[in-house]
Amino acid sequence: MIRLRLPAAGGPGGAAPGTGRAGRTGRAVDAALDAAVDAAVLLFAVWTVVYHLGLLLRPPTWALLACWLGASAAAAAVWARRRRRDGPGGAPLWLEPAGPRSAAPPRALALVAVLAGIVAGFCAGLQTSGAPWWCAWAFGVVSASASAACLLLRRSPAGGPPAQDEPSANEPSAHEPSPRENSPYEPPARALAEPGGPVEAGTSASRWGTPLALAAAAGFSVASLFIVNSDGDDAYFVSRSVATAALGRIPFKDTIFTSGATGPIAGEPPVSSIEVLAGSLARVAGVPAASFVYYVLLPVVTFIAVWAAWRLSRTWAPRRAAACFAVAAVYLLWSGLGPASLGSFHLLRMWQGKAVMVSALVPLLYVHLTRWAERRTRRDLAMLAACGVAATGLTSSAAFVLPLAVGAAAIPLIASGRVRTGLAACSALAYPVAAGLVVTLQDHDTTVTGFVGDASDDFRWVLLHSAPGVLAGCALWLAPWTARRGVPALAGAGVAAVTTLLLLPGVLHLAADVTGAGQVLWRTMWIVPAPVLIGLLATVRLPLPAAVRSGGTGVLGAVAAALPAAALAVTMIVGGTPLWSAENGSLVASRPSWKLPAEQVGTARAVVDLAPTGGVVVMPQGYMRAVPLLTARVHAADPNTHYLGNLPVPARFVDDRRVLTAAVRRPGGWKPALADIEGALHRVGVVVACAHPRDLRGLSLLEQAGLSGRRRVGQLVCLFAGHGPRTP
């Protein structure tokens, strides 16, 4: 079995090297914020269970919140009682039997794994420059297979005793087992400690990394308030919060185009609970739901996501966790090469549940998988299960992302002989898989229409191309060698193997045919914690003389330690695109803002104020996109064409709204026939129609179709049906 390298119990005389007030303070802050983040995951998991019960009972949201508070209090009492009974760390559920020793695998096999991984990474990242895609997956298969063989051949006494809360711990845990010296089970932690291992890295990480992580988390949180990068999916996600706040109940039917007159959007089963939570809290607080989402929820979850990256860095990095985290942060900031990048789903879109899952939940899942495999306590198992529940409450995509991520860690554990530990890790799958089965059995339409990309497209969209893509590819296939030995290395090998399988020709298309979720299967790439894996490259020791490498306090030693991180950061900055750049479709506002241009929001609000309740407004689509974020009283004809196409309605419903959208889209270009516009206005129930002031043809067609009372409203010119604009 794979031997786990755990934190040392201490240096000579029992004191860990480099301990001091800064290190102790850093570890205390780490522990406090780790506990706070875990508490947030548990609270949201409880809310998700309450919400799913609410789908059956359909109570008002105040009753859901009351049940949530009561259930959370009960769960906290049980947690505290078990903590008092089992001690701070908890008792291990079982010990793993020792496996047979065998000779170390041939060095040639390790060399093949590393070289093939580098070739695969370069080919995957340079596919847009002409590198053949088959080289990426073919060499990826070689690298993943060789890495797995090396890890599974390196068999020694199993597992190791329960590890500490994080690799940065310096003192023996209270629950450390005391097996006999010649026991066939795992030896005590002190016997497994190695010089230069996680303890030394962890001490430095707490001293220097904790202030860096706090500053980065705070900086990202503040920046999230000012960076505006519009996303059409808000028409669904934020509108659910707006409708919840307005109705005081869970919205079961469409709230984007109608007031519940049609069924829900196909491919969007009501599994995620975060939107209803935000709307319920906004209703209690008496603030607009969109403001609550953008000004309260967004900075909080952004902080959690950055801290999750720091936790995974501390857990997986063999040394220099602070450098690992710093490179991960740089990667996130300069990964604006595409709207589906991990950076775009981090700082630019964190208020959406799916972005919270990929940016925060997936790293936390790997942290708790590692802790479970190293400690095997009830608390770690409970956190794994809570991660599964919380992920389900964030997005329905958890039904296929979580099994892949958990399998990437559980399968290597089982293959290495730790069968019970690996099988128990699958507890994280119970809730998302059950939710997926319930949705399927209830005949919800889970088919998502749209373009289905192949494996190369998915890699390019999520893990990017050019310099960032090369770094992500190399980091992926080298993860078994850059991560800390033991469970992190096994998990890295599993992530590389599962991702390579997904990149094989035909695999994703087969999954699309089976599941009907082809348009969103590119999200399978979310199992790769690319920012931290790239950061692990910064922990690689340069091939320098031993005297220089060990001179950590000397100038040469410091320079040698900083070179990999500096080189990676420069590569990302030079080869990447900042998330806040206009090239990435972003703008930086002068004050905290909604995630739409302020002019569009202001104009849309003015138009909505003039529309009577239940009416439909027509505007250029950028302005219609803001309507579902503002109110559930009035609706826009077509705030998002993708959702319009997935609405379970007759074709005429969709065609009419597309005709009206085309009529006011832009001053030039094609315009529908007058008869089509006139019929669509009547059937849709349009009360206000607006166009750009320069769109004279569009305005003329609207007047000929029966609208009147031309009036300038914000940046648009509007016409009205019936008796004119509503009097506020």
Side-chain angles (χ1 to χ4, degrees), residues 117-133 135-137 139-140 143 220 227 229 231 305 309 324 326-350 354-355 357-359 362-363 401 451 453-479 482 495-496 498-500 502-503 508 520-538 565 567-586:
I118 293 174
V119 173
F122 270 84
C123 291
L126 297 178
Q127 56 174 298
T128 56
S129 301
W133 176 248
C135 285
W137 60 260
F139 280 96
S143 177
F220 274 56
I227 299 178
N229 189 292
D231 186 71
C324 173
V327 170
V330 171
Y331 172 83
L332 287 171
L333 290 174
W334 268 269
S335 59
L337 286 175
S341 71
L342 296 179
S344 295
F345 272 91
H346 196 283
L347 191 60
L348 301 184
R349 215 173 301 171
M350 189 62 73
K354 57 188 177 183
M357 187 189 76
V358 63
S359 302
V362 169
V401 174
F451 174 75
D454 57 23
S456 61
D457 294 325
D458 295 352
F459 187 98
R460 185 175 67 253
W461 292 339
V462 179
L463 301 179
L464 303 182
H465 54 88
S466 301
V470 169
L471 290 180
C474 291
L476 168 64
W477 280 294
L478 296 182
T482 55
V495 170
V498 172
T499 306
T500 303
L502 294 171
L503 297 179
L508 287 175
V520 296
L521 282 181
W522 57 268
R523 297 177 187 175
T524 55
M525 296 294 107
W526 286 354
I527 69 169
V528 182
V532 173
L533 295 187
I534 292 174
L536 289 176
L537 295 175
L568 290 167
V570 170
T571 301
M572 271 303 308
I573 292 172
V574 173
T577 300
L579 293 178
W580 58 88
S581 68
E583 183 181 352
N584 190 41
S586 301

Checklist line | Spacing of L503 atom CG and D458 atom CG [to the nearest 0.5 Å] | finding: 8.0 Å
Margin query: Is the shortest side-chain heavy-atom distance between P363 and V532 below 4.5 Å?
Written below: no
Check: Between A124 and W477, what is the shortest heavy-atom contact and its length?
Finding: CB-CZ3, 4.3 Å
Next item on the list: Taking atom CZ of F139 as the centre, report whether more than 12 heavy atoms of other residues, nucleotides or ligands fall under 6.0 Å from it.
Entry: no
Check: Are the side chain of N584 and the backbone of T577 linked by a donor-acceptor contact shorter than 3.5 Å?
Finding: no
Notebook entry, point to check: If you take all heavy atoms of L537 and L478, which pair is closest and at what distance?
Noted result: CD2-CD1, 4.3 Å
Item checked: Under 3.5 Å: donor-acceptor pair, side chain of T128, backbone of S466 -> no
Next item on the list: Mark yes or no for whether S341, through its side chain, and S335, through its backbone, hold a donor-acceptor pair below 3.5 Å.
Entry: yes
Margin query: If you compare all heavy atoms of F345 against all heavy atoms of M350, which two are closest, and at what distance to 0.1 Å?
Written below: O-CE, 4.1 Å
Next item on the list: With rounding to the nearest 0.5 Å, note down the distance linking CD1 in I227 to CG in L347.
Entry: 4.0 Å
Checklist line | Minimum heavy-atom distance between S586 and L348, given as atom pair plus value | finding: OG-CD1, 4.0 Å
Note to self: Tell me whether F220 at atom CZ has more than 12 heavy atoms from other residues, nucleotides or ligands lying less than 6.0 Å away.
What the structure shows: yes
Margin query: Could you check whether any side-chain N or O of S344 sits under 3.5 Å from a backbone N or O of G338, counting only pairs where one atom can act as donor and the other as acceptor?
Written below: yes
Next item on the list: Drop me the distance from L337's CG to L464's CG, to the nearest 0.5 angstrom.
Entry: 5.0 Å
Check: Looking only at heavy atoms, what is the nearest atom pair of Y331 and V462, with distance?
Finding: OH-O, 4.3 Å
Next item on the list: State, yes or no, whether a side-chain contact exists between W580 and N229 at a heavy-atom distance under 4.5 Å.
Entry: no
Checklist line | Nearest-0.5 Å distance that lies between atom NZ in K354 and atom CZ in R523 | finding: 4.5 Å
Note to self: Looking at every non-hydrogen atom in both residues, tell me the closest pair between I527 and V495 and how far apart they are.
What the structure shows: O-CG1, 4.0 Å
Note to self: Could you walk me through whether L533 and T482 satisfy the side chain to side chain contact (heavy atoms under 4.5 Å, CB included) test, starting with their C-alpha distance in whole Å, then the side-chain angles of each, then the deciding distance to 0.1 Å, before giving a yes or no?
What the structure shows: CA-CA 8 Å; L533 295 187; T482 55; 5.8 Å; no
Next item on the list: Kindly determine whether M572 and L332 satisfy side chain to side chain contact (heavy atoms under 4.5 Å, CB included), including the steps that lead there.
Entry: CA-CA 9 Å; M572 271 303 308; L332 287 171; over 6 Å; no
Check: Is any side-chain heavy atom of P339 closer than 4.5 Å to a side-chain heavy atom of R349?
Finding: yes
Checklist line | Nearest-0.5 Å distance, OG1 of residue T499 to CG of residue L463 | finding: 7.5 Å
Next item on the list: Working to the nearest 0.5 Å, report the span between CD1 of I573 and CG of L568.
Entry: 11.0 Å
Next item on the list: Please step through side chain to side chain contact (heavy atoms under 4.5 Å, CB included) for the pair F122 and I118, ending with a clear verdict.
Entry: CA-CA 6 Å; F122 270 84; I118 293 174; 3.8 Å; yes
Note to self: Quick one, D457 with D454, criterion side chain to side chain contact (heavy atoms under 4.5 Å, CB included). Give me CA distance, side-chain angles, the key distance, then yes/no.
What the structure shows: CA-CA 5 Å; D457 294 325; D454 57 23; 3.0 Å; yes
